[in-house]
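These notes concern the structure reproduced below.
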2 protein chains.
Amino acid sequence: MVRLKSPVRPEWVDPAICSTEYRLKIIGRLPFFQHLPAEAIIKINGLFHDHDFSLDERIYLEGDQADRLYLVAMGKVKLVRSTSSGREVLLDILPGGEYFGTLTVFGGRAHTETAIAQTDCCILQISSGDFERILAKHPDVMRKVLEAVSKRLAESQEIVRQLSAYTAEQRIASALLRLAGKLGEARGQGVLIQLPFSRQDLAAMTGATTETVSRIISRFVEDGLVKSGRKWVTIMDMKRLEELTKKGAVN
Amino acid sequence: MVRLKSPVRPEWVDPAICSTEYRLKIIGRLPFFQHLPAEAIIKINGLFHDHDFSLDERIYLEGDQADRLYLVAMGKVKLVRSTSSGREVLLDILPGGEYFGTLTVFGGRAHTETAIAQTDCCILQISSGDFERILAKHPDVMRKVLEAVSKRLAESQEIVRQLSAYTAEQRIASALLRLAGKLGEARGQGVLIQLPFSRQDLAAMTGATTETVSRIISRFVEDGLVKSGRKWVTIMDMKRLEELTKKGAVN
DNA sequence: CGACTTTTTGAGTCTAGTCAAAACATGTGG
DNA sequence: CCACATGTTTTGACTAGACTCAAAAAGTCG
């Protein structure tokens, strides 16, 4: 059987592609703007500035003053928090179309996490002030923002639960499923996750070490649950992975 | 040395105390109403209904339809999520004056956690509909709600970090400090935490087992960091506890 | 083809979990 | 006020899952 080498196809992040047309599409799809009429979106678009970041560049740091809302136009961004001991905890990976930095636009003065470009990417930014003016003009947008933040809170609490009660194996299985749902691409019968993301990243998401992640992924490969290589994983058997996360947790 | 037996003094939860006067005080202190004029608070008060719950009674269950916002008037409430395997994860403990259930008023259809009376308590409730009408009338309230939810999101992410990178000892130290800040009462040179809360609860907060919690608390007692007994803990040396949480995490 | 990074594997150790039983507290009824 | 029933906390012995350190193997890129 021919083993597929690397199914990863690097995304093209051509700054030129951040055209007005594309920006309108991305902005218009944001959960809190999608109900607005086209003219409003066009106006709002004018308030966003774009900025390219290259792989591994930091978009902002934990502790930086939070005075902007960010939007991933192209590429992927990861949100991390680091511990005093240097260990990184990966809170979330955001594909194109997702916003970040919000949380702190309201209330918070400083960012509580660091945002890093997971790939070369193009980021749209809007200042707190401009965003607040939008909120003032469109009261319904605020409700949507609230919904969006609430949803993230629920997700975060779900992760708390998993970290508390799951074994490393279950946490990894669950992280893969979550990523597949959010960032996966169909590939034959499997779902490919190519962020790209390394064992490191997966370890930082699940509170495990790279070695442990590697061992467990190897086990998954043996059992035919996934295929994997450098910086990618393809899920071959979602069903069994899901069962893993459900079966008798620590007790 | 005389060991202090039980410093716990049960709170009196006298339903009669949920007087209009007291209700106004509690409601007026909510982060999202506190800026409103007294007349508005009085009007809002009329929309809340009170209900007493006794120890261990469930206020709502994970999965229940979320159609109300709750407010702890008297007593304490804990929010838990349980895993398929029956293990409980304690997400938060709320003292008088805190709200809950919100998250799902906006966007969510179902509660994502279960709320349980940690003591006998008196809960104020307002229907989604009435609350939304308040939001519509006072746009600034919505912004405050958003801030409040954002703050909880940041807290939740902090817990994710701790669960990922801290040892059980550090998580327990950190949980004690958090509880002390929120629910502690000064007692001589120490800070007493009497929710009441058991080793069970502390275990469920920190993702550890009761036995582990017990062993670690015993070590803390030996080292003079805390005093403890059935359902209470007094922190004697905050500084050293804080150092514990900072010192070399898993790496 | 190297040089470099990422992933895998192995051996040894330690933290925290499991199971079981004893010690303690607290509240009740005699 | 004591003895008992019940629920909570502590302790002990054992085990297992996950971490550490170290080194080999496999991919990737210029």
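Throughout, protein chains are lettered first and strands after them, A, B, ... in sequence-line order, and every chain is numbered starting at 1. Computation of the quantities below employed the complete heavy-atom set of this structure, encompassing side-chain atoms and omitting hydrogens, waters and symmetry-equivalent molecules.
In terms of the side chain to side chain donor-acceptor pair (under 3.5 Å) criterion, Arg29(A) has no residue partners (sequence neighbours excluded). Applying the salt bridge (Lys or Arg N to Asp or Glu O under 4.0 Å) criterion to Lys182(B), with sequence neighbours excluded, gives Asp92(B). For the side-chain contact (heavy atoms from CB on, under 4.5 Å) test, residues two or more places apart in sequence or in another chain that qualify with Ala204(B) are Leu90(B). With sequence neighbours excluded, the residues that form a salt bridge (Lys or Arg N to Asp or Glu O under 4.0 Å) with Asp237(A) are Arg240(A). In this structure Arg161(B) satisfies the salt bridge (Lys or Arg N to Asp or Glu O under 4.0 Å) test together with Glu62(A), Glu158(B), sequence neighbours excluded. Looking at residues two or more places apart in sequence or on another chain, you find a side chain to side chain donor-acceptor pair (under 3.5 Å) between Ser54(B) and Glu57(B). Take Phe197(B) and apply the ring-ring contact (aromatic ring centres under 6.0 Å, His included) test, not counting sequence neighbours, and it matches no residue. Here Glu98(A) pairs with Arg152(A) under the salt bridge (Lys or Arg N to Asp or Glu O under 4.0 Å) rule; sequence neighbours left out. Every ring-ring contact (aromatic ring centres under 6.0 Å, His included) that His51(B) has, sequence neighbours left out, goes to Phe53(B).
Among the atoms of the strands shown, only primed sugar atoms or phosphate atoms (P, OP1, OP2) are found under 4.0 Å from some heavy atom of Ser218(A).
For Leu55(B) and dT6(D), the CG to P distance is 18 Å, given to the nearest whole Å. Remark: C1' of dT7(C) and CD1 of Ile216(A) are 15 Å apart, rounded to the nearest angstrom. Separating the CD atom of Gln200(B) from the C1' atom of dG17(C) is a distance of 14 Å, rounded to the nearest angstrom. As rounded to whole Å, 10 Å separates atom C1' of dA18(D) from atom CD1 of Ile172(A). If you take CD1 of Ile217(A) and P of dA18(D), they are 14 Å apart, rounded to a whole angstrom. dG17(D) atom P lies 14 Å from atom CG of Leu244(A), rounded to whole Å. The distance between atom NZ of Lys227(A) and atom P of dT7(C), rounded to the nearest whole Å, is 19 Å. Between the CZ atom of Phe220(B) and the C1' atom of dT9(D) there is a distance of 16 Å, given to the nearest Å.
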Quick one: which protein N/O atoms are closer than 3.5 Å to N/O atoms of nucleotides 2-6 of chain C? Pair and distance per line, please.
| residue | atom | partner | partner atom | Å |
| --- | --- | --- | --- | --- |
| dT5(C) | O2 | Arg230(A) | NH1 | 3.1 |
| dT5(C) | O2 | Arg230(A) | NH2 | 3.4 |
| dT6(C) | O4' | Arg230(A) | NH1 | 3.1 |
| dT6(C) | O4' | Arg230(A) | NH2 | 3.3 |

List every contact pair, protein side and nucleotides 12-15 of chain D side both N or O, where the distance is under 3.5 Å.
| residue | atom | partner | partner atom | Å |
| --- | --- | --- | --- | --- |
| dG12(D) | N7 | Arg215(B) | NH1 | 3.0 |
| dG12(D) | O6 | Arg215(B) | NH2 | 3.3 |

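Between Thr209(A) and dC19(D) there is a side-chain N or O to OP1 or OP2 distance below 4.0 Å. For dG17(D), the OP1/OP2 oxygens have no side-chain nitrogen or oxygen of Thr167(A) closer than 4.0 Å. Between Ser214(A) and dT8(C) there is a side-chain N or O to OP1 or OP2 distance below 4.0 Å.
Between Leu79(A) and Thr114(A), the closest side-chain pair of non-hydrogen atoms is not below 4.5 Å. Side-chain contact between Leu244(B) and Phe220(B) is present, with at least one heavy-atom pair separated by less than 4.5 Å.
Arg199(B) and Ser228(B) form a side-chain donor-acceptor contact under 3.5 Å, judged by distance and modelled atom types alone.
The bend of the helix from dC1(C)-dG30(D) to dG30(C)-dC1(D), defined by the angle between the axes of its first five and last five pairs, stands at 30° to the nearest 10°.
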